[in-house]
Structure formats: structure tokens, C-alpha cells
J.: 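Right, I'll just put the structure down here and ask away after.
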Amino acid sequence: MENQINIVNVNLVLPNEIAENTCIALEDGLISRIDSTSSHGDVIDAEGGYLMPGFIDIHSDHIEQVIEPRPGTFMDIAFALREQEKQLINNGITTMYQSLSMWKPIISSTKKKTLRESDGLEKVVREIANASKASRLINHRLHIRFDITNIEAVPELMDMLASGDVALLSFMDHTPGQGQYRDIEEAKASIKAYNSSYGEEEVERLFQARMNVKKLPDETLIEIAKFANSMGVAIASHDDDSTEKVDFVKNSLRATISEFPVELGVARYATQAGMETLGGAANVLMGKSHSGNLSATEGILDGCISMLCSDYYPPSMMQAVFKLHRDFDMPLYDCVNLVTSAPARALGIYEEVGSIAEGKVADLILVDGSGSHPNITTAIKRGAVMSVLNHPKLHAAARRS
């Protein structure tokens, strides 16, 4: 039996309320009691801080930045995962759905992203699959983002799904004129941004190639989704831009998540259809979408964005939670639900994590919200202190545990 840890003088962030000045006991990796007064085991004095469920980040390609910190400079993948874990746990993320893109260059002159090609992707998938089965600082899960123009990669995708290692599959279409790049000029600007050495003629050539690229037929997408469903894989759609697309992904692909709907009306329609909707936490911090699409804050306040992810910037999740609470007077527990209970329900893991309740896995974070920027003082995974940052009393308690 593991040592019991008692967290006292703490404000618990529950799904529908803040339980102030209470106590909680952790034992054998689980939340054993709330309002416990037991003196057995180690004691952590939260000094009025908030105890929240660990964040569940269902969409982030951050690992690509860690493996390839500069173009063409690749770190060892296993080492990169270890280093990323330290960043994630210190930003409150205890479960990460590592989002890997199955994408290929449209034409040979396109700047290649090696990690998104077959050989590089296979190595990263293997390391994440291994990490998901091991005892690590965080819980690793695999999210495959499949571009529907990557026709030749369908057998590879089916093999991944058959392995049982994929937890979430999202379908992407980044061709110009629809989705994220429905604005043609924005699409061309994006090509230029990713290929800064290109002149206007090269940008136009690549744009036309992307406009004319072949896509998988709907029948093939339906077969892929059907197989993914049979393997227990959750399905998401990416950059929904019309009610017709929402109808297709929900009814034909059985998608339950709409990632980054590009317009408010589409987000509302997806919500009314019973789908969970995802926005970016960095979008909240910036106050807008970097590509001119739906403001995540607007969607949240409207009630049609139900979840937040880090997308590409892990520190954004905690900061977005408190920005929504402070700037828009949202109850703190509603803000926290965006990054905890809502994604846990969407991915079918709510019985174990995503809220604070007796019997649930003790993946938790202690937060000092008194300053201009909230600070995570302790992160706990399965009842064990994983990280202690800027709190000397907690540091001492963690050493004892």
C-alpha cells in the first residue's frame, strides 16, 4: 500500500462548484476521501490554493517542435518525449493526446516536414505507443490527424488503427478554398509563411497544385471511420466550415468531435447536433484566431465551444482558464471543465479522470491563482507528486512523500 497523502486548506474545483477550505486524501493512486481529517501519511498544506483535475490536452502537435526545434535539426525521439513531459506536467497537463499528422508534400519543391512523412512518423508513433504503456510523468495517448489527400497512406493508417495504439483519429482537409483556408488570400499567405524563400510564381504554382490535389472518396473515408469505431477509436473532424460537412462527419463518419469549427454558425450547428466542439487555448489568449477564423472566446461565451486544447502551446491552457474566469466573469469551475471533464467525456475516459471525486485516479494539480498569472505549485499523477515548482512548504512535503 502506498503512503497516504492528505492535502489540507485547499479549495477543490469540482464540476459544478468550488468546495472551499476542505481536505482531500489520496491513497494507492486514487482519491480515497474528500473532507478527510485523517492525520495518517504526509500532509501538504495548500494554503488556500486551488486543487484541479489534471488537464487533458486532446490536440497538440507540440511534440514536433520538441523533436525538431529548428528545421532539419532532429533530437532523439525518446529523449524528446522525456523532455516534453517535464514541460507538460509543469503546465498542468497530465494526459496528452500527441497529435501526429499523416501528411505529405503536394509537389517536390514543397518544404518537407520529415516527421510528417512515413519513416519519421512511424518512429514517433512507436515511441508514443511505448510511452503510453509505461509509467511516465504524464499519460501519453496517440491522436492521428489524417489528411484526406494522403491517398497512398491509407494502408499505413489502417495498420496503425489495427494495432490498438490509436486513441483518437481526426480527418483533415487543408486544400485551399474550404475549411481553415476558405479565404484564398489567407491560403496563399500561409504557403508563403511556410516557404519564406519562395517568390510569387512559386507560391502560385504550389497554390494551384494544392487546389487540384486528389482526395479520398467519401466511401473510403466511411470505411476507415467504420474500422476505427470497431477498434474503439474516437473520431473527430477538423475545421468544419458548413452545416453540410457537419452532417456528413457526424452521420457518415460517426464523428463525435468537431475540432476548430471555423464559423460561429457552424459551431452552433455542431453543438445542436450533439457533437463536442474544440477551440484553441492560444486563440483565447490572443483574443482571436491567427488565421481569421472563429474566436474561441466568442464560441465559449456563446455556449458552442465545449473544450479547449493547447494546439501548439502547452502553457496556454492554464492561462486561458484564468483569463476566461477573470476577464469574462465565468465561474472558475466552468472554465476548468473546458480542459478536464469535457475532453474526458468526449474521449470516454471520464470514469477514471477529468473530475475530482472519490474513487477516481488522483491526477491533480495545485494552483496558486493569487498573482497576475496563475502558477502551478504541484502536479500529482496517480497519487504521486511529480512536480513541485515555487512553493517551499510544498517542496518539503513532497520530499517527505
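Hydrogens, waters and symmetry mates play no part in the numbers below; they use all other heavy atoms, side chains included. Position 1 is the first residue of the sequence, and the numbers go up from there.
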J.: Closer than 3.5 angstrom, by distance alone: can the side chain of N337 be matched with the main-chain N or O of P15 as a donor-acceptor pair?
T.: yes
J.: For atom CG of N251, is the number of surrounding heavy atoms from other residues, nucleotides or ligands below 6.0 Å larger than 12?
T.: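 Above 12, so yes.
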J.: Would the F322 and H373 ring centres measure less than 6.0 Å apart?
T.: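 So the answer is no for these two rings.
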J.: Between K86 and L137, does a side chain to side chain contact (heavy atoms under 4.5 Å, CB included) hold up when you go through it step by step?
T.: CA-CA 7 Å; K86 300 172 187 177; L137 286 177; 4.1 Å; yes
J.: Looking at every heavy atom in both T277 and I305, which two are closest together, and how far apart are they?
T.: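 For T277 versus I305, the nearest heavy atoms are OG1-CA, 3.1 Å.
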J.: Could you give the distance from CG (L169) to CD1 (I224), rounded to the nearest 0.5 Å?
T.: 7.5 Å
J.: So, do V262 and D240 sit near enough that their side-chain heavy atoms are less than 4.5 Å apart?
T.: no
J.: Mind checking whether L324 and I300 have side chains closer than 4.5 Å, heavy atoms only?
T.: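 Contact flag for L324/I300 side chains = yes.
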J.: Run the ring-ring contact (aromatic ring centres under 6.0 Å, His included) test against F55 and tell me which residues pass, sequence neighbours left out.
T.: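 In terms of ring-ring contact (aromatic ring centres under 6.0 Å, His included), with neighbours along the sequence ignored, F55 is linked to no residue.
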J.: Tell me if the CD atom of E83 is crowded by more than 12 foreign heavy atoms within 6.0 Å.
T.: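 Counting neighbours around CD of E83, more than 12 heavy atoms of other residues, nucleotides or ligands fall under 6.0 Å, so yes.
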J.: Cation-pi check for Y350 against K360: NZ or CZ below 6.0 Å from the six-membered ring centre and within 45 degrees of the axis, yes or no?
T.: yes
J.: Check the pair D42 / Q4 against side chain to side chain contact (heavy atoms under 4.5 Å, CB included), numbers first and verdict last.
T.: CA-CA 6 Å; D42 295 312; Q4 178 173 298; over 6 Å; no
J.: At their closest point, which heavy atom of T95 faces which heavy atom of N139, and how far apart are they?
T.: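 Scanning both residues, the minimum pair turns out to be OG1-ND2, 3.1 Å.
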J.: Can you sort out the partners of D368 under salt bridge (charged side-chain N to carboxylate O under 4.0 Å, His left out), two or more places apart, ordered by chain and number?
T.: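 Residues passing salt bridge (charged side-chain N to carboxylate O under 4.0 Å, His left out) with D368: none at all.
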J.: Do any pairs count as a side chain to side chain donor-acceptor pair (under 3.5 Å) and have a residue in residues 11-20, sequence neighbours left out, and if so which ones?
T.: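 Matches after skipping sequence neighbours: none remain.
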J.: Can you see which heavy atom on A46 is nearest to which on I7, and at what distance?
T.: CB-CG2, 4.1 Å
J.: Please determine which of L81, L168, I144 meets the side chain to side chain contact (heavy atoms under 4.5 Å, CB included) test together with Q98.
T.: L81
J.: With the threshold set at 4.0 Å, does a side-chain nitrogen-carboxylate oxygen contact exist between K133 and D165?
T.: yes
J.: Answer with yes or no whether the side chains of S99 and D61 bring together a donor and an acceptor at under 3.5 Å.
T.: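 Not at all, the side chains of D61 and S99 share no donor-acceptor pair under 3.5 Å.
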J.: Verify, without hydrogens or angle tests, whether R326 (side chain) and S372 (backbone) share a donor-acceptor contact under 3.5 angstrom.
T.: yes
J.: Determine the minimum heavy-atom distance between A296 and N283, stating which atoms define it.
T.: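 Of all heavy-atom pairs spanning A296 and N283, the closest is N-OD1, 2.9 Å.
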J.: Does atom OH of Y313 have more than 12 heavy-atom neighbours, drawn from other residues, nucleotides or ligands, at distances under 6.0 Å?
T.: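 Open: at most 12 neighbouring heavy atoms sit under 6.0 Å from OH of Y313.
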J.: I need the single residue from R145, H143, H238 that forms a side-chain hydrogen bond (donor to acceptor under 3.5 Å, both in side chains) with S170. Which is it?
T.: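 Of all the options given, the one that passes is H143.
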J.: Looking at S316 and A281, would you say the former's side chain and the latter's main chain have a donor-acceptor pair under 3.5 Å?
T.: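 Side chain of S316 to backbone of A281: no pair is present.
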J.: Does any N or O in the side chain of T256 come within less than 3.5 Å of the main-chain N or O of R254, such that one atom is a donor and the other an acceptor?
T.: no
J.: Could you please spell out the steps behind the side chain to side chain contact (heavy atoms under 4.5 Å, CB included) verdict for E223 and F227?
T.: CA-CA 6 Å; E223 286 301 311; F227 182 65; over 6 Å; no
J.: So with a 6.0 Å cut-off around CD of E351, is the heavy-atom count from everything else above 12?
T.: no
J.: Closer than 3.5 angstrom, by distance alone: can the side chain of Q65 be matched with the main-chain N or O of Y312 as a donor-acceptor pair?
T.: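 Present.
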J.: What verdict does the side chain to side chain contact (heavy atoms under 4.5 Å, CB included) test give for M307 and I257, after you've listed the backbone C-alpha separation in whole Å, the side-chain angles of each residue and the deciding distance to 0.1 Å?
T.: CA-CA 10 Å; M307 303 181 290; I257 299 169; 3.9 Å; yes
